[in-house]
Structure formats: structure tokens, C-alpha cells
Amino acid sequence: MSKVILKKVNKIYENNVKVVKDNSLEIFDKEFMVLVGPSGCGKSTTLRMIAGLEEITSGEIYIGDRVVNDVLPKDRNIAMVFQNYALYPHMTVFQNLSYGLKLRKTPKDEINRRVKNAADILGLEDLLDRKPKALSGGQRQRVAVGRAIVRQPEVFLFDEPLSNLDAKLRVQMRSEISKLHKRLKTTIIYVTHDQVEAMTMGDRITVLNDGDIQQVDTPLNLYDNPRNKFVAGFIGSPAMNFFNGKIIKRNGKLTFASENINLEIGKDRENLLREYVDKELILGVRPENFEIANQGHIDAKVDIIEPMGSEIYVYFSVSNSKFVAKFNERIDFKLDQKVMLNIKDNQFHFFDKDTELNIFYK
């Protein structure tokens, strides 16, 4: 069993700076778990505490059925892949892959077998005699991953491993690491600030902000059913649009009214909003959930047009608000053009103005 469990884990630095706040999390055996969030949210600190590279202030960390709070990193049976690869420049690829095994006094035949196996998996067979300076960024990253594979650990830890690669190589390496997970059937905990990486790689995603776990869920559930305004705004590209307004009763029906927006609420959602009549709320709409209409909810003006090939992003303004819509069709928009837009049926969220929790969260 290679599950990882955090129970009420805290990390507090000098001057009472809390970077991880009483977090509990269960990562299942053989799961690919992604920790995602903005810089400074505590995701790398959490990973380093699991690895034993950072001491926890309070709480418990389990790897398998064993509490590892006081277990040295080398005895936790984990392997970590760092952002900067951390290869030995004077050693060949073979020597880099085998070095950790030699330190553990692994028999030579076993070292050769494990290195050959890792090289086969990662396509490094023809590079074993090269030194890191003779490798591309993607090749160095594969060597760093290979060094983790030969350890045959219970848990793999990845700390923003693709940050130093160009965009095309990042996409390729995302695919390779995902395939590696399916092949090795081992628990992976992967830290990134890139929500596209998180959405495409993780079985589940843990979203962190300011040291707190905001939501743990599958990629699609995070996207479709965000627990709060932060998750809704962080997951998705371009980000969700937010509009401040008020729920009013008009002609016996509930309506969200905001500047030039008038959105009538369907009967299936009225019950959830009755207590908010005459109160301020935040409306959230994803860019793909707008459509052009003759009579619509929003009377907007075109500010910026960004053709993206098969899609087009259009940035609109409504009074003092600005928002972005995404269209699949190649619509011929013009700058400063007035456009009437609809919000697609039930493709929106409401967030409490005070708590920022999603009123429709299930």
C-alpha cells in the first residue's frame, strides 16, 4: 500500500508565518494527485514535508500505514524529481541513474537491470554515455525521472518538473509522465502552478490558496462544480468571469440584476436563491457559456479580439465591468461593436458575497 495521508498538518515559520494551515488530505494507493495553486500557496512546502525535507510544525504524515514524522528522507521509500533536475554534471547518464543505488550497496547486476529498465521506459538507451551538458532540457528531465524510477519507491514526488521546458516540450513531457504513471502503477504526487497541467494529468486535484486546501476533486468536477469563487476563478483558461449584482423579484420571478445584465433565474434554481432576494451576490460565467442573441441578458461593447485559430477570444466591457467570451465559430467581430449576448441555460454559478462559497455547490 502506498497511500499518503496528511492529518491536521501545519507549517509555521518564524514570526508566526503560517504557510500550511491544519490541512488533512488522503492520497489513494496508485493515484496521480496534483497539488495546484498560485505561488506561495503552500503546495511545494507540503510536498517537501511529505519527502521529509521540511519539518512539520504539527500534525501527522503517513506513507502506507507508517507515521513518518520522525523518519529520515532516505528511509521514507519515496523518490523526488526537482524543477532544476539536480543532475551531477561530471557523471554520465548511466552514472547519474545508478548513483543512488550504489550508495545503498545494491548488487551490480541489479543496478544494471534497473538502469536498463528505466532507460527502456524513458527512451534513454542511446544516451547512457553522455553527460548532462550534452543533453537537451527534455532529455535531462527524463534522466531526472529515470533516477527516481530506479529507486522503485512507494511514492513519486514531482516538484514543478516541467517549469524549465518550452511550451511544446511541456506538452510532450506531460503525456510521457501520464503514460509512466499508468505503466508503473505507483502513487504520484505532483506539484504545479499551471492549472492546464493539473487538469490534463491528475486523477484528482487538490487546490490550495494561502496555505488552505480549497477543494479536492476530479478535474471535471472542479471545473463544473467549484466549491468557492477562488476555485472557480483559478481552474479554467481563460478564467471565469465575475459580476457583482443583486437578486430581485420582478413579475413574480427572480432575476439577477447588474449594470446592463438582467438574468432571469429558472424555476429549478429559484429555491436556492429565495433567501438572497434583495441581497448582493456574485455571478460567475465561464467564457464558453456566452452566445450571441437578438434579445439577450447583456448589452456589451467589444474591446479586444484575440483570434486563436479554431477559437476566438473576445474581451467585452459593460459599464464598469470587463469580461471575456470564447466562441468556436470564426465570427467577424469589430472593435467597439455593440453586441447582445445571452448566458446559456443554467451555465452559471452564484457566489455568496461574504463567504464566496458557491450557492449551487453539490
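Values in this document were obtained by computation on a predicted structure and should not be read as measured data.
Nearest heavy atoms, V34 versus G202: CG2-CA, 3.6 Å. A pairwise comparison of heavy atoms in S2 and V155 identifies O-CG2, 3.8 Å as the closest pair. Closest approach of Q214 and V231 over heavy atoms only: CB-CG2, 3.7 Å. The two residues A300 and L341 have their closest heavy-atom pair at CB-CD1, 4.5 Å.
Residues I292 and I331 have side chains in contact (heavy-atom distance under 4.5 Å, counting atoms from C-beta outward). A 4.5 Å side-chain heavy-atom check between V20 and N10 finds every atom pair outside the cut-off. With a 4.5 Å cut-off on side-chain heavy atoms, F351 and F242 count as touching. Contact annotation: the side chain of I205 never approaches that of L35 to less than 4.5 Å [non-hydrogen atoms, C-beta and beyond]. Residues I12 and K21 are not in side-chain contact: their nearest non-hydrogen atoms beyond the backbone lie 4.5 Å or more apart. H181 places none of its side-chain heavy atoms less than 4.5 Å from the side chain of S178. Side chains of F28 and E26 form a contact here, defined as non-hydrogen atoms less than 4.5 Å apart. Two residues are said to be in side-chain contact when any heavy atoms from C-beta on lie closer than 4.5 Å; H193 and S163 meet this criterion.
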Under 3.5 Å, side-chain donor or acceptor atoms of residues 355-362 against the rest of the protein: list the pairs with distances, not counting sequence neighbours.
{"unit_1": "T355", "atom_1": "OG1", "unit_2": "L357", "atom_2": "N", "d": "3.2"}
{"unit_1": "N358", "atom_1": "OD1", "unit_2": "F360", "atom_2": "N", "d": "3.0"}
{"unit_1": "N358", "atom_1": "ND2", "unit_2": "P226", "atom_2": "O", "d": "2.8"}
{"unit_1": "N358", "atom_1": "ND2", "unit_2": "H349", "atom_2": "ND1", "d": "3.2"}

For residues 117-133, run the donor-acceptor check on the side chains, cut-off 3.5 Å, and write out each pair with its distance to 0.1 Å, sequence neighbours left out.
{"unit_1": "D120", "atom_1": "OD2", "unit_2": "K116", "atom_2": "NZ", "d": "3.0"}
{"unit_1": "R130", "atom_1": "NH1", "unit_2": "A134", "atom_2": "O", "d": "3.4"}

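Hydrophobic clustering of Ile, Leu, Val, Met, Phe, Trp and Tyr side chains at less than 4.5 Å, counting indirect connections, unites L208 with V4. I282 is not connected to I265 by any chain of hydrophobic side-chain contacts under 4.5 Å among Ile, Leu, Val, Met, Phe, Trp and Tyr, and they are in different clusters. Note: the hydrophobic cluster containing F290 does not contain V324 (ILVMFWY, side chain heavy atoms under 4.5 Å, direct or indirect links).
With salt bridges taken as basic N to acidic carboxylate O contacts below 4.0 Å, none links K179 and E176. Salt bridge annotation for E31-R204: present, with a cationic side-chain nitrogen under 4.0 angstrom from a carboxylate oxygen.
For K326, the NZ atom counts as densely surrounded, since its 6.0 Å shell holds more than 12 non-hydrogen atoms of other residues, nucleotides or ligands. By the 6.0 Å contact criterion, CG on D75 is enclosed, its count of non-hydrogen atoms from other residues, nucleotides or ligands being greater than 12. Within 6.0 Å of the NZ atom in K344, the count of heavy atoms belonging to other residues, nucleotides or ligands exceeds 12.
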Could you walk me through whether E197 and Y190 pass side chain to side chain donor-acceptor pair (under 3.5 Å), step by step? CA-CA 10 Å; E197 255 178 53; Y190 187 104; 2.8 Å; yes

Trace of the ring pair (Phe, Tyr, Trp, His ring centres under 6.0 Å) decision for F327 with F333: CA-CA 11 Å; F327 301 97; F333 288 99; 5.3 Å; yes

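Taking the six-membered ring for Trp and the full ring otherwise, the centers of Y315 and F323 sit at least 6.0 Å from each other. Aromatic ring centres of F350 and F256 lie closer together than 6.0 Å.
Its side chain outside the 4.5 Å cluster rule for every partner, V171 clusters with none of the Ile, Leu, Val, Met, Phe, Trp and Tyr residues.
Note that the OG1 atom of T45 and the CE atom of M49 stand 6.5 Å from one another [nearest 0.5 Å].
Both the sub-6.0 Å distance and the 45° axial angle are satisfied by R269 relative to the ring of F348.
Defined by atom type and a distance below 3.5 Å, a donor-acceptor pair is missing between the side-chain atoms of N225 and D217.
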